[in-house]
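Values reported hereafter were calculated over all heavy atoms of this structure, with side chains retained and with hydrogens, waters and symmetry mates removed.
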Amino acid sequence: MFSLNQHPTGRHYLQIPGPSPVPDRILRAISLPTIDHRGPEFGALGRKLLADMQKIFQTRHPVMIYPASGTGAWEAALVNTLSAGDQVLMYETGHFASLWNKLALRLGLQTEFVGLPGIEGWRRGVQAELIAQRLRADTGHAIRAVCVVHNETSTGVTSDIAAVRRAIDDVGHPALLLVDSISGLASADYRHDEWGVDVTISGSQKGLMLPPGISFNALSPKAIAASARASLPKSFWAWDEMIEMNQSGYFPYTPSTNLLYGLSEACDMLLEQGLPAVFARHQRWAAGVRAGVQAWGLELQCQDASVHSPVLTGVVTPPGLDADVLRKLIHSRFDCSLGTGLGKVKGRMFRIGHLGDSNDLTLIATLAACEMGLKLSGIALQSSGVHAAMDYFSDHPTQA
Ligand SMILES: *Cc1c(COP(=O)(O)O)cnc(C)c1O
């Protein structure tokens with residue numbers, strides 16, 4: 001039976017912080033015929049992509065491309081650098097940091113999960129001093145790696161990765177620095193080499209504007225050296241064969257050929273625009289969306305103005321309003337998807353994604369959907385967030 005509800009007109013507003021909307025240009029690239037991944041053209045595609053991804057990560061060192069979701073690349077970073085029973089210091093910024101910690105435990109690593117107590121740690125970025133304190137006490141250098149999330153997608157908080165590097169170096173500790181920038185890369189400023197990161201993990205479906213299905217490890221020479229000694233079992237994730245085959249632009253097993261066409265297009269789009277412009281565009285959107293939330297009189301999940309995420313905004317719902325009930329209402333009435341509260345903040349907040357293929361008007365429309373949903377839920381708003389965002393965007397033209 002035909003139902004208009006199941007076939008809404010216009011475009012769905014996919015405003016979750018990943019998967020993000022996929023631009024037509026990328027969808028068209030993905031639709032091209034699949035080629036032989038051992039054939040003559042593929043090597044040129046592979047070499048181009050690997051060079052482009054080095055630019056995106058801002059690194060001169062190898063980048064691994066896996067046909068897997070981000071979770072696979074989390075695992076790859078750990079199994080290539082560590083051995084069973086190794087001690088790892090992980091920092092709790094939110095739900096994604098917790099999931100990575102759980103994954104590490106399942107691999108047989110001994111993790112120590114540090115952070116500010118309770119919900120407080122989910123409202124601020126990484127406190128580099130807490131990491132320094134713990135490393136200072138580790139005089140025998142038993143801790144092999146420090147793991148942090150660059151852009152915590154569950155809360156809308158970004159962390160200062162250079163400060164974490166400085167904390168490790170100031171103590172003179174040899175631990176590797178592993179960073180999840182699955183949702184930060186290609187939206188928030190990220191510099192793998194300059195910030196001294198040993199492994200950066202990322203994924204396709206956030207700032208890179210691709211469908212889910214590919215993920216990355218960017219390496220450092222120190223990480224590659226560690227991989228020669230690391231003894232956790234690995235085969236599919238092993239860097240050694242990948243690095244060797246990648247020299248000529250090929251992969252040890254069948255890569256996601258069509259997603260790689262999309263990745264090539266995404267890199268062209270990002271590099272044509274230039275990374276500084278991409279980062280500025282996201283900061284501006286985030287500021288406009290925050291102006292909207294503040295005009296409503298609602299609280300932001302992130303409590304430190306210096307680390308608001310440029311990728312997404314976490315909005316705390318007023319007492320008595322379950323954020324998931326609000327999200328369902330907005331989805332059913334206005335065909336707009338918003339991010340759910342995860343883990344400790346389930347029901348307490350929702351997330352507005354403002355990344356990738358967005359523009360001022362998609363964000364105005366998204367805020368309008370939220371504003372209508374809040375009003376329908378009986379919330380007395382202080383003022384119109386939509387108007388505040390319109391003012392913000394009109395008063396702050398994009399820098400050419
Ligand atoms: C999306 C995301 C992940 C998980 O990636 P999957 O592709 O779902 O496996 C991990 N960490 C962060 C910060 C993310 O945003």
- Indicate whether any N or O donor in one side chain lies under 3.5 Å from an N or O acceptor in the other, for N80 and S227. no
- So do R327 and F350 actually touch side chain to side chain, heavy atoms under 4.5 Å? yes
- Message: Closer than 4.0 angstrom, basic N to acidic O: yes or no for K344 and E92?
- Response: yes
- Nearest 0.5 Å, what's the CG-SG distance between L208 and C267? 6.5 Å
- Item | Identified side-chain contact (heavy atoms from CB on, under 4.5 Å) counterpart of W122 within the set H95, Q303, E152 | H95
- Message: For D180 and W100, which I'm curious about, is there any donor-acceptor pair between the side chains at under 3.5 Å?
- Response: no
- Message: Would you compute the distance between atom CG of D193 and atom OG of S220 and round it to the nearest 0.5 angstrom?
- Response: 8.5 Å
- Judged by modelled atom types alone, do W296 and Q382 share a side-chain donor-acceptor pair under 3.5 Å? no
- Message: L78 and side-chain contact (heavy atoms from CB on, under 4.5 Å): which single residue from D86, V199, L103, I201 fits?
- Response: L103
- Message: Between T362 and Y13, is there a side-chain donor-acceptor contact under 3.5 Å, judged purely by atom types and distance?
- Response: no
- Query: Are any of the side-chain heavy atoms of R60 and Q54 separated by less than 4.5 Å?
  - Reply: no
- Message: Would you say CZ of R106 has more than 12 non-hydrogen atoms from neighbouring residues, nucleotides or ligands within 6.0 angstrom?
- Response: no
- Query: Taking the six-membered ring of F216, is NZ or CZ of K206 closer than 6.0 Å to its centre and within 45° of its axis?
  - Reply: no
- Message: Within the structure provided, determine whether L271 and I56 are in side-chain contact (heavy-atom separation under 4.5 Å).
- Response: yes
- Is there side-chain contact between L185 and M53, with at least one heavy-atom pair below 4.5 Å? yes
- Message: Can you confirm if the aromatic rings of H354 and H282 lie within a centre distance of less than 6.0 Å?
- Response: no
- Message: Is there a side-chain contact between H192 and L219 in this structure, where contact means two heavy atoms from C-beta onward sitting under 4.5 Å apart?
- Response: no
- Task: For the residue pair F236 and Y253, categorise the inter-ring angle as parallel (less than 30°), tilted (30 to 60°) or perpendicular (more than 60°).
- Result: parallel
- Residue pair S181 / H150, side-chain donor-acceptor N/O under 3.5 Å: yes
- Below 4.0 angstrom, N of the basic side chain to O of the carboxylate: do K328 and D324 qualify? no
- Are any side-chain N or O atoms of N217 and backbone N or O atoms of M64, one a donor and one an acceptor, separated by less than 3.5 Å? no
- Message: Could you check whether any side-chain heavy atom of Y91 comes within less than 4.5 Å of a side-chain heavy atom of V164, counting everything from C-beta outward?
- Response: no
- Item | Residues R123, E299: salt bridge by 4.0 Å N-O rule | yes
- Salt bridge check: are K48 and D268 linked by an N-O gap of less than 4.0 Å? yes
- Task: Please report the C-alpha distance between D322 and R348 in whole Å, then the side-chain angles of each, then the deciding distance to 0.1 Å, and finally whether the salt bridge (Lys or Arg N to Asp or Glu O under 4.0 Å) criterion is met.
- Result: CA-CA 6 Å; D322 183 321; R348 216 178 141 257; over 6 Å; no
- Message: Taking D189 first and then R191, would you say they form a salt bridge - that is, a charged N and a carboxylate O separated by under 4.0 Å?
- Response: yes
- Query: Is the shortest heavy-atom distance from the side chain of S183 to the side chain of P17 under 4.5 Å?
  - Reply: no
- Is the backbone N or O of G94 less than 3.5 Å from a side-chain atom of T155, with the two atoms forming a donor-acceptor pair by type? no
- Using modelled atom types only, decide if a donor and an acceptor are shared between the side chain of D198 and the backbone of L178 within a distance under 3.5 Å. no
- Query: Do the side-chain N and O atoms of R281 and Q273 include a donor-acceptor pair separated by under 3.5 angstrom?
  - Reply: yes
- Do Q205 and S20 get their side chains close enough for a donor-acceptor pair, meaning under 3.5 Å? no
- Side chain Y250, main chain G39, donor-acceptor under 3.5 Å: yes
- Are any non-hydrogen side-chain atoms of L300 and R290 less than 4.5 angstrom apart? yes
- Message: Using ring centroids (six-membered ring only for Trp), state whether W285 and F393 fall under 6.0 Å.
- Response: no
- Message: Salt bridge check, D24 against R11: does any charged N sit closer than 4.0 Å to a carboxylate O?
- Response: yes
